[in-house]
Amino acid sequence: MGLVGTRNVFKTTSDFSSMTHWADVIAEDLLKRGDKHRIATGITPSGHIHFGNLREIIIADAVRRAVEEKGGKAEVVYVADTFDPLRRRYPFLPEEFEKYVGMPLSEIPDPEGECHENYAEHFLQPFLESLDVLGIDLVVKRADQMYKSGEYENHIRVALEKRDKIAEILKEVSGREVEKDWSPFNPLCKNCKRINSAKVKGFDDKGAYYSCSCGYEGYASFREGKLTWRVDWVARWDILRITCEPFGKDHAAAGGSYDTGVRIAKEVYGFEPPYPIVYEWIHLKGVGAMKSSKGIVVPVKDLVEALPPEIIKYIIIRTKPERHIEFDPSMILEVFDEFEDAYRRKDRSVQLSIVGDVVYSDVSFRHLVVVGQIANWDLEKALEILSRTYHVDDTVRKDVERRLIYAKRWLEKFAPENLKFEIKKEIDAEFSEEERRFLRTFAEKLEENMSPERIHQLVYEVARELNVKPAKAFQAIYKAILGKNYGPRAGYFIKSLGIEWVKKRFKKV
RNA sequence: GGGCUCGUAGCUCAGCCAGGUAGAGCGACGGGCUUUUAACCCGUCGGUCGCGGGUUCAAAUCCCGUCGAGCCCGCCA
């Protein structure tokens with residue numbers, strides 16, 4: 001079977017929209033070039049890694065899956081730019097961090113105490129844990145370790161030897177002339193520990209002589225410094241044998257780092273640059289693009305705690321990379337609806353989003369939010385409630401067990417207030433004579449075996465009988481149970497609470 | 001100055017790559033049932049496909065131009 005068989009399977013499913021999914025289009029393109037691929041991603045851990053950053057990784061993962069499903073081999077590599085200098089003291093950093101500006105992130109202490117080995121790890125670790133939850137398999141490389149272990153040595157030497165050629169390309173492509181004493185290699189100063197302040201004065205085949213703005217003059221081996229970004233990126237492609245890389249549109253601008261990278265790859269190092277996937281930014285509704293530097297951010301960690309992984313991935317995968325995403329945390333419930341609907345249609349974006357062997361039942365997330373609150377988040381209780389309206393089999397049980405937790409966290413973190421309720425232990429409201437009469441009569445007529453629909457109907461019947469407005473009747477019911485005058489659909493709600501309990505409660509008013 | 005993306009129903013978007021005279025969801029409106037956790041069902045309304053040219057028997061779709069919106073070109077994805 002192999003390739004052709006696999007391909008046909010997905011033809012039929014994705015044909016629902018009569019359009020091939022972007023990840024499949026890219027995968028097909030890649031497979032025309034070869035059947036083994038390595039997809040690179042890279043994020044600088046200079047601050048909280050956020051939802052916007054995540055887009056790059058999820059795109060890479062989706063493409064990897066598409067390539068594999070079509071019979072190719074692929075893996076995702078994540079290079080953390082841990083050797084980049086701290087550009088400036090960000091607003092979230094303590095004042096004393098001023099002194100670390102210019103030093104590599106891997107050489108600076110954890111900004112929040114001793115919890116991690118260094119600055120970079122502090123932001124990197126939680127992100128990597130989140131990726132694990134998202135079911136994204138990748139090879140993690142840390143730039144500082146790559147440099148320190150000598151993986152870059154040859155490429156640094158070549159860059160220094162061909163310094164003029166690189167300068168020429170930079171000028172031709174970007175239109176910017178580099179300074180006379182420019183060098184593609186930035187030594188790490190032994191004295192001030194900064195990686196962006198030393199000028200290269202000369203080099204041999206093991207290292208470079210430099211003079212730093214701090215006054216120090218010395219010699220750095222090719223393991224004690226890094227290449228400037230535009231060259232670093234290209235060297236990385238070559239060292240790691242990268243065939244494909246998603247990157248933000250900033251790098252894609254004409255004369256930007258991808259453009260110069262293409263020429264440096266071909267003319268300096270002599271290899272074919274990777275297949276580019278340019279993607280747009282994720283905007284926070286009403287706020288603008290997410291920027292670590294501006295503090296406009298939804299940290300990946302928060303997201304992963306409150307939303308099932310497939311939903312997070314779906315938000316990104318259903319949208320073509322080149323389109324920007326308007327992310328509105330308050331509207332997430334609609335995304336759940338859409339996802340559940342797409343799940344039933346076996347939508348391609350859903351296939352690419354699902355982690356492992358997760359199977360959905362017919363219980364909607366919306367429903368779980370209500371049931372969970374009634375059951376006070378107790379799984380068995382929730383299942384018991386559900387069993388009144390669903391056939392609870394193993395699939396439902398397993399699904400509810402997993403998603404109930406998310407329903408709870410989502411409710412706490414993102415849900416609008418009007419979806420939240422709490423069953424009062426004791427009646428906690430004032431009632432008019434009319435309301436009392438209604439509740440008592442209603443309680444008397446309520447019978448154990450009534451269906452939710454029947455109960456709902458009964459509200460109207462009793463209200464009519466007593467000449468009470470239905471709206472008043474419902475309000476009385478919610479006041480007696482929740483202490484508010486609105487709540488979940490009454491019939492179903494009462495059934496879920498247990499007829500006996502409700503009868504008793506209403507008689508007490 | 002250069003580049004990218006977008007402009008299709010009130011809103012969010014699909015359709016464009018491989019042209020065949022417009023789709024979905026939501027909303028609105030009407031009804032099923034005289035508000036009940038964004039309840040469900042049925043139905044209706046709703047678009048000069050930003051604008052102007054060109055190619056074609058045929059253009060939302062291809063080409064050229066133009067306007068508008070957003071964004072990127074200091075290593076901020």
Side-chain angles (χ1 to χ4, degrees), chain A residues 16-20 22 25 41-44 46-47 49-59 81 83-85 87-88 90 173-176 186 196 226-233 245-260 277-283 285 288-294 297 318-326 328 331 333-335 337-338 341-342 345 364 366-367 369-370 373-374 411 415-421 452-453 456-457 459-460 463-464 468-475 477-478 482 484-493:
Chain A
F16 181 86
S17 60
S18 78
M19 211 211 151
T20 317
W22 59 263
V25 174
T41 61
I43 296 159
T44 308
S46 58
I49 299 180
H50 56 77
F51 190 38
N53 301 121
L54 194 57
R55 188 170 196 177
E56 177 161 321
I57 308 249
I58 288 177
I59 287 170
D81 289 306
F83 217 32
D84 279 22
R87 314 243 164 256
R88 58 192 171 84
Y90 300 111
V173 179
S174 76
R176 227 184 41 236
N186 298 129
N196 61 358
K226 73 184 291 291
L227 287 168
T228 190
W229 162 246
R230 288 185 189 233
V231 184
D232 176 305
W233 200 23
E245 176 155 1
F247 50 87
K249 62 170 174 184
D250 51 339
H251 296 315
S257 44
Y258 184 73
D259 281 0
T260 51
I277 305 172
V278 178
Y279 63 89
E280 254 283 0
W281 320 99
I282 294 178
H283 293 194
K285 185 74 172 184
M290 287 193 213
K291 302 257 177 195
S292 313
S293 54
K294 287 186 189 165
V297 143
R318 70 174 169 162
T319 307
K320 284 186 233 165
E322 63 268 25
R323 292 189 71 109
H324 88 251
I325 294 174
E326 204 68 46
D328 183 349
M331 297 296 273
L333 212 46
E334 280 166 23
V335 177
D337 286 344
E338 190 192 315
D341 184 48
R345 299 191 323 246
S364 72
R366 271 179 200 281
H367 199 166
V369 168
V370 174
Q373 290 183 88
I374 296 171
L411 196 77
E417 281 308 311
N418 67 348
L419 288 182
K420 298 179 188 175
F421 64 79
E453 293 74 24
H456 188 75
Q457 200 53 42
V459 178
Y460 288 109
R464 194 182 297 124
V468 174
K469 280 191 176 168
K472 281 278 174 199
F474 281 107
Q475 283 176 14
I477 289 171
Y478 295 118
L482 305 172
K484 306 196 285 192
N485 48 19
Y486 57 91
R489 269 186 300 157
Y492 161 75
F493 189 43

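Lettering follows sequence order; numbering is per chain, from 1.
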If you find the nucleotide of RNA chain B closest to A:His456 and the one closest to A:Asp84, which residue's nucleotide is nearer the 5' end?
A:His456

Rounding to an integer number of Å, can you tell me how far [X] [atom1] sits from [N] [atom2]?
| X | N | atom1 | atom2 | value |
| --- | --- | --- | --- | --- |
| A:Asn196 | B:rC76 | CG | P | 14 Å |
| A:Ile477 | B:rU35 | CD1 | P | 15 Å |
| A:Lys484 | B:rA38 | NZ | P | 13 Å |
| A:Tyr258 | B:rC72 | OH | C1' | 17 Å |
| A:Asp337 | B:rA24 | CG | C1' | 15 Å |
| A:Tyr460 | B:rC33 | OH | P | 11 Å |
| A:Arg88 | B:rC75 | CZ | C1' | 13 Å |
| A:Arg366 | B:rG25 | CZ | P | 15 Å |

Look at all strands and tell whether [X] reaches a base, only sugar-phosphate, or nothing, counting heavy atoms closer than 4.0 Å.
| X | value |
| --- | --- |
| A:Gly256 | nothing |
| A:Arg87 | base |
| A:Thr44 | sugar-phosphate |
| A:Tyr279 | base |

[N] and [M]: how far apart are their [atom1] atoms, nearest whole angstrom?
| N | M | atom1 | value |
| --- | --- | --- | --- |
| B:rC40 | B:rU35 | C1' | 15 Å |
| B:rC64 | B:rC6 | P | 16 Å |
| B:rC11 | B:rU55 | P | 34 Å |
| B:rU21 | B:rG25 | C1' | 25 Å |
| B:rC41 | B:rU36 | P | 15 Å |
| B:rU66 | B:rU56 | P | 23 Å |
| B:rG27 | B:rA69 | P | 31 Å |
| B:rA24 | B:rG46 | P | 14 Å |

Contact check, side chains of [X] and [Y], non-hydrogen atoms, under 4.5 Å:
| X | Y | value |
| --- | --- | --- |
| A:Ile43 | A:Asp81 | no |
| A:Thr228 | A:Asn186 | yes |
| A:Leu411 | A:Lys420 | yes |

Tabulate below the donor-acceptor pairs under 3.5 Å that side-chain atoms of residues 252-259 of chain A make, not counting sequence neighbours, or state none.
{"unit_1": "A:Ser257", "atom_1": "OG", "unit_2": "A:Trp229", "atom_2": "NE1", "d": "3.4"}
{"unit_1": "A:Ser257", "atom_1": "OG", "unit_2": "A:His251", "atom_2": "ND1", "d": "2.9"}
{"unit_1": "A:Tyr258", "atom_1": "OH", "unit_2": "A:Pro274", "atom_2": "O", "d": "2.8"}
{"unit_1": "A:Asp259", "atom_1": "OD2", "unit_2": "A:Gly255", "atom_2": "N", "d": "2.9"}

Could you walk me through whether A:Arg55 and A:Thr41 pass the side-chain contact (heavy atoms from CB on, under 4.5 Å) check?
CA-CA 10 Å; A:Arg55 188 170 196 177; A:Thr41 61; over 6 Å; no

Can you tell me which nucleotide in [options] comes closest to the side chain of [X]?
| X | options | value |
| --- | --- | --- |
| A:Trp281 | B:rG74, B:rA77, B:rU36 | B:rA77 |
| A:Glu56 | B:rA77, B:rU36, B:rC75 | B:rA77 |
| A:Gln475 | B:rC75, B:rU36, B:rA38 | B:rU36 |

Let's test your reading of the pairing rules: Watson-Crick or G-U wobble, both distances under 3.5 Å, then write RNA chain B as a dot-bracket string with ( ), [ ], | and dots.
((((((((.[[[[.)....(..]]]].(((((.......))))).....[[[[[..)....]]]]])))))))....

Residue pair A:Val459, A:Phe474: steps toward the side-chain contact (heavy atoms from CB on, under 4.5 Å) verdict:
CA-CA 8 Å; A:Val459 178; A:Phe474 281 107; 3.7 Å; yes

Are A:Tyr279 and A:Glu322 close enough that a side-chain donor and a side-chain acceptor fall under 3.5 Å?
no

Between A:Trp233 and A:Glu245, does any side-chain donor sit less than 3.5 Å from a side-chain acceptor?
yes

So, A:Phe493 versus A:His456, ring centres under 6.0 angstrom or not?
no

Taking atom NZ as the centre, does A:Lys484 end up with more than 12 heavy-atom neighbours from other residues, nucleotides or ligands that are less than 6.0 angstrom away?
yes

Is there a salt bridge (charged side-chain N to carboxylate O under 4.0 Å, His left out) between A:Arg318 and A:Glu338? Walk through the geometry before answering.
CA-CA 11 Å; A:Arg318 70 174 169 162; A:Glu338 190 192 315; 2.7 Å; yes

Set out, line by line, the N/O atom pairs under 3.5 Å between protein and nucleotides 3-10 of chain B.
{"unit_1": "B:rU5", "atom_1": "O2'", "unit_2": "A:Glu322", "atom_2": "O", "d": "3.4"}

At less than 4.0 Å, is any side-chain N or O atom of A:Arg318 found next to OP1 or OP2 of B:rC13? Yes or no.
no

Quick one: is A:Ser46 getting a side-chain N or O under 4.0 Å of the B:rC76 phosphate, OP1 or OP2?
no

